[in-house]
Trainee: 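Can you keep this structure in mind? I'll have questions shortly.
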Amino acid sequence: MLSKQNKLERPSKTLQLFLLQNFKWFYILLMTGVVILLLFIMFSRFGHIRLGKDDEEPDFSFVSWISMLFSGGIGVGLVFWAVAEPMNYYISNPFTPGLSDESASMAMQLTFFHWGLHPWAIFCMTALALAYFSHRKGLPLSLRSVLYPIIGDRIYGPIGHTIDILTIFVTAFGIAQSLGMSALQMNTGLSQVFGIENSLFNQLSLLAFLCTIATYSAVTGVNKGMKYLSNLNMLLALSLVIILLVIGPTRYLIHTLIETTGNYAQNIIGMSFGVIPKKTRAGKTGGRLTIGVVDDLGTIRWDVRLSYFKRTYYS
């Protein structure tokens, strides 16, 4: 089994390294371009178009709607990466000396950037397209419908079938990666807190448990399973925030939140288009460039979001 895993690991890492070194610029420009396009739509006359019939009312309350978006877009990442990513950038980042007050502030700013407008813009862009053509134009709730203005009724033929098949594969691989990382994170947390062995069997058990909950949510429908689970998830997240504020240091947490929000708003344009020289292993500045402030970790995370953006809309 380990031999097969190594055979898959080597080409996967080679492909990942190639994409990170040569196409990172594409990711940052794509994400920033989508943000700009959505801002234009929001402030133009198109921003007043209802995503449904003119006389239809929302199916869910605002709280439930936000909870489902929150759960579908962030999920278990909040529990693990909300701590791991700032700590990673606190130790080392391209802008400040590591393990310093400056690096602590920069770590939060980079985390806000990776989890802020840019990744959510990808979700929103796809959700807008799907919702418009499905709820407004009466087309199938599928990505093939987005191409209707270009290819017309051919979306019901081989071209449309191919688009849907590719969408299913990409979404499945994205969710599989997210779900697999979630099981590893949960097993590590249980091991640290309760001493439960960090083993393959326990990870597979967690995967089975998560898949069972997901299946129940899908079978019972959005009105019940997804709605109730999302509301519970939001309640637990808010409870975690309150507990952290009560335990403290409260003043430091509030100060950091306000400061980081200001830094993020002030530097978002520069972060979206900046080019940073990247040092080689020998310690000399090489020809490779890190586009924006999206390092390998941020690029991989944005890539995962690109792969399962459709899931968030269905949520």
Trainee: Enter the distance from Glu102:CD to Phe95:CZ here, rounded to the nearest 0.5 Å.
Mentor: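 It comes to 14.5 Å.
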Trainee: Do Asn223 and Phe60 make a side-chain contact, defined as non-hydrogen atoms from C-beta onward lying under 4.5 Å apart?
Mentor: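 When only atoms from C-beta onward are counted, Phe60 and Asn223 do touch, with a gap below 4.5 Å.
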Trainee: Without hydrogens or angle criteria, can the side chains of Gln192 and Asn198 be said to hold a donor-acceptor pair below 3.5 Å?
Mentor: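 Note: Gln192 and Asn198 side chains miss the donor-acceptor criterion.
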Trainee: Minimum heavy-atom separation for Val35 to Leu117, with atom names?
Mentor: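 Closest approach of Val35 to Leu117, heavy atoms only: CG2-O, 4.0 Å.
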Trainee: Does Gln109 form a side chain to side chain contact (heavy atoms under 4.5 Å, CB included) with Phe113? I'd like the steps, not just the answer.
Mentor: CA-CA 6 Å; Gln109 181 178 325; Phe113 180 67; 5.9 Å; no
Trainee: For Ser105, does its backbone N or O pair with a side-chain atom of Asn263 as donor and acceptor, under 3.5 Å?
Mentor: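 Side chain of Asn263 to backbone of Ser105: no pair is present.
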Trainee: Are Ile36 and Ile28 linked, directly or through intermediate hydrophobic residues, by side-chain heavy-atom contacts shorter than 4.5 Å (ILVMFWY only)?
Mentor: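 Shared cluster, yes.
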Trainee: Looking only at heavy atoms, which two atoms of Pro86 and Ala107 are closest? And how far apart?
Mentor: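 Of all heavy-atom pairs spanning Pro86 and Ala107, the closest is O-CB, 3.2 Å.
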Trainee: Taking side chain as C-beta onward, heavy atoms only, is Asn187 less than 4.5 Å from Glu197?
Mentor: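 Contact flag for Asn187/Glu197 side chains = no.
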Trainee: Quick one: does Thr32's side chain have a donor or acceptor within less than 3.5 Å of a partner on Leu29's backbone?
Mentor: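 No; zero donor-acceptor contacts below 3.5 Å.
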Trainee: Using only atom types and a distance under 3.5 Å, with no angle test, would you say the side chain of Ser71 pairs donor to acceptor with the backbone of Asn233?
Mentor: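 The answer is no, because no donor-acceptor pair under 3.5 Å joins these two groups.
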Trainee: Does any non-hydrogen side-chain atom of Met108 lie less than 4.5 Å from one of Tyr89?
Mentor: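 Heavy-atom side-chain distance check fails, nothing below 4.5 Å.
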Trainee: Can you check salt bridge (charged side-chain N to carboxylate O under 4.0 Å, His left out) on Arg50 and Asp55, steps first, answer last?
Mentor: CA-CA 9 Å; Arg50 181 186 290 269; Asp55 57 347; over 6 Å; no
Trainee: Please tell me if the side chains of Asn88 and Ser92 come closer than 4.5 Å, counting only heavy atoms from C-beta onward.
Mentor: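 They are not in side-chain contact.
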Trainee: Please determine whether residues Ile49 and Leu128 belong to a single hydrophobic cluster, defined as Ile, Leu, Val, Met, Phe, Trp and Tyr linked transitively by side-chain heavy-atom distances below 4.5 Å.
Mentor: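 In one cluster: yes.
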Trainee: Before giving the answer on ring-ring contact (aromatic ring centres under 6.0 Å, His included), spell out for Phe123 and His118 the whole-Å C-alpha distance, their side-chain angles and the decisive distance to 0.1 Å.
Mentor: CA-CA 9 Å; Phe123 295 152; His118 286 69; over 10 Å; no
Trainee: Show your working on side chain to side chain contact (heavy atoms under 4.5 Å, CB included) between Ile268 and Phe112 and close with a plain yes or no.
Mentor: CA-CA 10 Å; Ile268 185 172; Phe112 269 43; over 6 Å; no
Trainee: In Å and rounded to the nearest 0.5 Å, what is the CG to NZ distance from Leu229 to Lys224?
Mentor: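 Rounded to the nearest 0.5 Å, the CG-NZ separation comes to 13.5 Å.
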Trainee: Output yes when a side-chain donor or acceptor of Ser67 lies under 3.5 Å from a complementary backbone atom of Asn231, and no otherwise.
Mentor: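 Side chain of Ser67 to backbone of Asn231: no pair is present.
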Trainee: Is the closest side-chain heavy-atom distance between Thr126 and Leu143 below 4.5 Å?
Mentor: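 Touching, per the 4.5 Å side-chain cut-off.
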Trainee: Look up atom OH in Tyr156 and atom OG in Ser142, then write down how far apart they are to the nearest 0.5 Å.
Mentor: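 Between atom OH of Tyr156 and atom OG of Ser142 there are 10.0 Å.
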Trainee: In terms of hydrophobic clustering (I, L, V, M, F, W, Y; side-chain heavy atoms under 4.5 Å; direct or indirect links), are Val193 and Leu206 co-clustered?
Mentor: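 Cluster IDs for Val193 and Leu206 match.
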Trainee: Output yes when a side-chain donor or acceptor of Ser64 lies under 3.5 Å from a complementary backbone atom of Ser61, and no otherwise.
Mentor: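 Not at all, since once roles are kept as given, no pair shorter than 3.5 Å links the two residues.
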Trainee: Could you measure the distance from the CG atom of Leu139 to the OH atom of Tyr132? Nearest 0.5 Å is fine.
Mentor: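 The OH atom of Tyr132 is 10.0 Å from CG of Leu139, to the nearest 0.5 Å.
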Trainee: Does a side-chain heavy-atom distance below 4.5 Å link Thr220 with Tyr228?
Mentor: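 No, every pair of side-chain atoms sits at 4.5 Å or beyond.
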Trainee: Show the nearest heavy-atom pair for residues Leu257 and Thr261, with the distance to one decimal.
Mentor: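 So the two residues come closest at O-OG1, 2.7 Å.
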Trainee: State whether the side chain of Arg144 and the backbone N or O of Ile163 hold a donor-acceptor pair below 3.5 Å, judged by distance alone.
Mentor: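 Absent.
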Trainee: Just wondering, are more than 12 heavy atoms of other shown residues or ligands nearer than 6.0 Å to NE2 in His161?
Mentor: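 Atom NE2 in His161 is crowded, with more than 12 foreign heavy atoms closer than 6.0 Å.
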Trainee: Considering all heavy atoms of both residues, which atom of Ile159 and which atom of Arg154 are nearest to each other, and what is their separation?
Mentor: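 Result for this residue pair: CB-O, 4.1 Å.
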Trainee: Hey, is the main chain of Gly52 close enough, under 3.5 Å, to the side chain of Arg136 for a donor-acceptor pair?
Mentor: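 Looks like yes, one N/O pair under 3.5 Å.
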Trainee: What closest approach, in Å, do Tyr264 and Met271 show between heavy atoms, and which atom pair accounts for it?
Mentor: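 Taking Tyr264 first and Met271 second, the nearest heavy atoms are CD1-CE, 3.7 Å.
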Trainee: Is there a donor-acceptor pair closer than 3.5 Å between any side-chain N or O of Thr260 and the backbone N or O of Thr256?
Mentor: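 Such a contact is found between Thr260 side chain and Thr256 backbone.
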Trainee: Mind checking whether Leu253 and Val83 sit in one hydrophobic cluster, side chains of I, L, V, M, F, W, Y counted as touching below 4.5 Å?
Mentor: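 No.
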Trainee: To the nearest 0.5 Å, how far apart are OG1 in Thr96 and CG in Asp101?
Mentor: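 Taking OG1 in Thr96 and CG in Asp101, the distance rounds to 10.0 Å.
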Trainee: Passes side chain to side chain contact (heavy atoms under 4.5 Å, CB included), Thr250 versus Val246? Steps please.
Mentor: CA-CA 7 Å; Thr250 306; Val246 171; over 6 Å; no
Trainee: Work out which heavy atom in Gly98 is nearest to a heavy atom in Ser103; give both atom names and the distance.
Mentor: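 Shortest heavy-atom contact: C-OG, 3.9 Å.
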Trainee: About how many Å separate CE of Met125 and CE of Met31, when rounded to the nearest 0.5 Å?
Mentor: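 Interatomic distance, Met31 CE to Met125 CE, rounded to 0.5 Å: 13.0 Å.
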Trainee: Which of parallel (below 30°), tilted (30 to 60°) and perpendicular (above 60°) describes Phe46 and Phe40?
Mentor: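 Phe46 and Phe40: tilted rings.
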Trainee: Which class fits the ring pair Trp65 and Phe62: parallel under 30°, tilted 30 to 60°, perpendicular over 60°?
Mentor: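 Because their plane-to-plane angle lies in the 30° to 60° range, the rings of Trp65 and Phe62 count as tilted.
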Trainee: Please tell me whether Ser199 and Asn202 have a donor and an acceptor in their side chains that are separated by less than 3.5 angstrom.
Mentor: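 There is such a pair between these side chains.
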Trainee: Please check if the side chain of Ser191 supplies one atom and the backbone of Ile196 the other of a donor-acceptor pair under 3.5 Å.
Mentor: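 Yes: the side chain of Ser191 pairs with the backbone of Ile196.
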Trainee: Hey, any chance Leu37 and Leu147 share a hydrophobic cluster, counting ILVMFWY side chains that come within less than 4.5 Å of each other, even indirectly?
Mentor: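 Yes: a chain of side-chain contacts under 4.5 Å links Leu37 to Leu147.
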